[in-house]
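I have placed the structure first, in the form of structure tokens, so that the comments after it can refer back to it.
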Amino acid sequence: MTGVVIDGKAVAARVREEVKADCISFQEQYGFAPKLIVIQVGDFGPSTIYVRNKKKACENVGIESEIWHLPDTITQEMLLEKIDQCNTDDQISGVLVQLPLPDHLDAVACRNAIDPKKDVDGFHPINTGKMIAGEESLLPCTPAGIIRLLDEYNIQTDGAHCVVVGRSHIVGKPMAALMLERNATVTVCHSHTKDLAQYTKQADILISAVGQANMITAEYVKPGAVVIDVAMNRDEQGKLCGDIKYDEVSQIASAITPVPGGVGPMTVAMLMYNCLLAARRNR
Ligand code: NDP
């Protein structure tokens, strides 16, 4: 048996098309486009690529965007002032601070300084709290993108046993919360979990967000499980890969996300979705 390959690129393209259409009606309704500010501090190479990709994604869907590229000598106080400038400007619908920040800056303080209504990354504790409480909020893009993928492929979450490997603030924990909201029975594993396979083998839906190339082999997976690979790693040849040993696991899974082309494209698409949602809610 070979599992269905979950096509994140195709679903992300659909999300972008929806956002694009809604951006046009937003513009007609209010006379201006939603606007995203991406704050980048310093010149960390990967950040420059991510920030550029976000700007390009905005252009494609009709969201206005600006990159505020600040020197790595900026003080915490000045950076917080920049965030406040975004918070108080009515024409700005979303703001995010690209991580990592240089060591002398406090990323948590920056995250908490963003107006929760403009927190398009969905990392602010108010949005986290609302998500846990099942209230309307801006959801973290990667877990929200995974929920969309599951929905697009009609994968039942109700009553399913979902095992999430990883408990970070940006992926693992919110993923677990969203699956709970979808009536899954959720197990969360992490680096202190003893005998990981004992848990992963019970999963109807296995979501891995660790960051260790090919660590989840077929022995960790129940035949017929849905397998979602969040990770973006490099193997020994320098090739992009996930946590899941794809060649093996795709033979026994009922559905699986590839890396690249699975979860990755969804993250930026959901960021666009959040920008538009924030713009609409802020009107
Ligand atoms: P973190 O490093 O913040 O978290 C990794 C998690 O994995 C931690 O909770 C850690 O446990 C757990 N872990 C580490 N080793 C093991 C192990 N041997 N067994 C079980 N659990 C383990 O990473 P992120 O959550 O930020 O990202 C995870 C991966 O997803 C990375 O590859 C990242 O690049 C990718 N990613 C991809 C995105 C996308 O758009 N596709 C978006 C965001 C991330 P503990 O808490 O105990 O340390």
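What you see is a predicted model; the values in this text were computed from it and never measured. The figures here come from the full heavy-atom set of this structure, side chains too, leaving out hydrogens, waters and symmetry mates. Just so you know, ligand 1 is whichever comes first in the structure, and atom 1 is the first atom listed for that ligand.
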Heavy atom of the protein closest to [atom] (residue, atom name, distance):
atom: atom 44 (C) of ligand 1; result: Val171 CG2, 3.9 Å
atom: atom 31 (C) of ligand 1; result: Gly211 CA, 3.9 Å
atom: atom 48 (O) of ligand 1; result: Ser191 OG, 3.6 Å
atom: atom 29 (C) of ligand 1; result: Ala231 CA, 3.8 Å
atom: atom 9 (O) of ligand 1; result: Arg167 N, 2.8 Å
atom: atom 4 (O) of ligand 1; result: Ser168 CB, 3.8 Å
atom: atom 2 (O) of ligand 1; result: Val210 O, 4.3 Å
atom: atom 15 (N) of ligand 1; result: Gln212 NE2, 3.3 Å

*Report yes if some N/O of Met232 lies less than 3.5 Å from some N/O of ligand 1; otherwise report no.*
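Between Met232 and ligand 1 (N or O atoms, distance only) the closest approach is under 3.5 Å.
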#### Entry: Sub-3.5 Å N/O-N/O distance, Thr267 and ligand 1
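Yes, at least one N or O pair falls under 3.5 Å.
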Grouping ILVMFWY residues whenever side-chain heavy atoms fall under 4.5 Å, the cluster of Trp68 otherwise contains Ile37, Ile39, Val41, Leu70, Ile74, Met78, Leu79, Leu80, Ile83, Ile92, Val95, Val97, Leu99, Leu101, Leu105, Ile114
Please identify which atoms of ligand 1 are closer than 4.0 Å to at least one heavy atom of [X].
X: Thr142; answer: 40 (O), 42 (C)
X: Ala209; answer: 5 (C), 6 (C), 7 (O), 28 (C)
X: Val165; answer: 20 (C), 21 (N)

*Just wondering, do Asp243 and Asn214 contact through their side chains at under 4.5 Å, heavy atoms?*
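No. Closest side-chain heavy atoms not under 4.5 Å.
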- Query: What salt bridge (charged side-chain N to carboxylate O under 4.0 Å, His left out) pairs are there with at least one residue in residues 244-256, not counting sequence neighbours?
  - Reply: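 Every pair satisfying salt bridge (charged side-chain N to carboxylate O under 4.0 Å, His left out) with a residue in residues 244-256: there are none.
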For [X], look at atom [atom1] and say whether over 12 heavy atoms of other residues, nucleotides or ligands are found less than 6.0 Å away.
X: Tyr50; atom1: OH; answer: no
X: Lys55; atom1: NZ; answer: yes
X: Tyr273; atom1: OH; answer: no
X: Asp158; atom1: CG; answer: yes

- Tell me whether the guanidinium CZ or amine NZ of Arg283 lies under 6.0 angstrom from the six-membered ring centre of Tyr30 and within 45° of its axis. yes
Note: Ile170, heavy atoms under 4.0 Å from ligand 1, region reported as side chain
- Given that the side chain starts at C-beta and the backbone is N, CA, C, O, which of these parts of Asp243 lies under 4.0 Å from ligand 1, counting heavy atoms, or is it both or neither?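 It is neither; nothing of Asp243 touches ligand 1.
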Exercise for review: May I ask you to check whether Gln40 and Thr48 show a side-chain donor-acceptor distance below 3.5 Å?
Suggested key: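 A pair is found: one side chain offers a donor N or O, the other an acceptor, under 3.5 Å apart.
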Are [X] and ligand 1 in contact, using a heavy-atom cut-off of under 4.0 Å?
X: Val230; answer: yes
X: Met266; answer: no
X: Gly172; answer: no

Before accepting this row, confirm whether a basic side-chain N of the pair Glu136/Lys130 lies closer than 4.0 Å to the acidic partner's carboxylate O. no
Only residue of Arg148, Glu152, Lys9 satisfying side-chain contact (heavy atoms from CB on, under 4.5 Å) with Met266 is Arg148
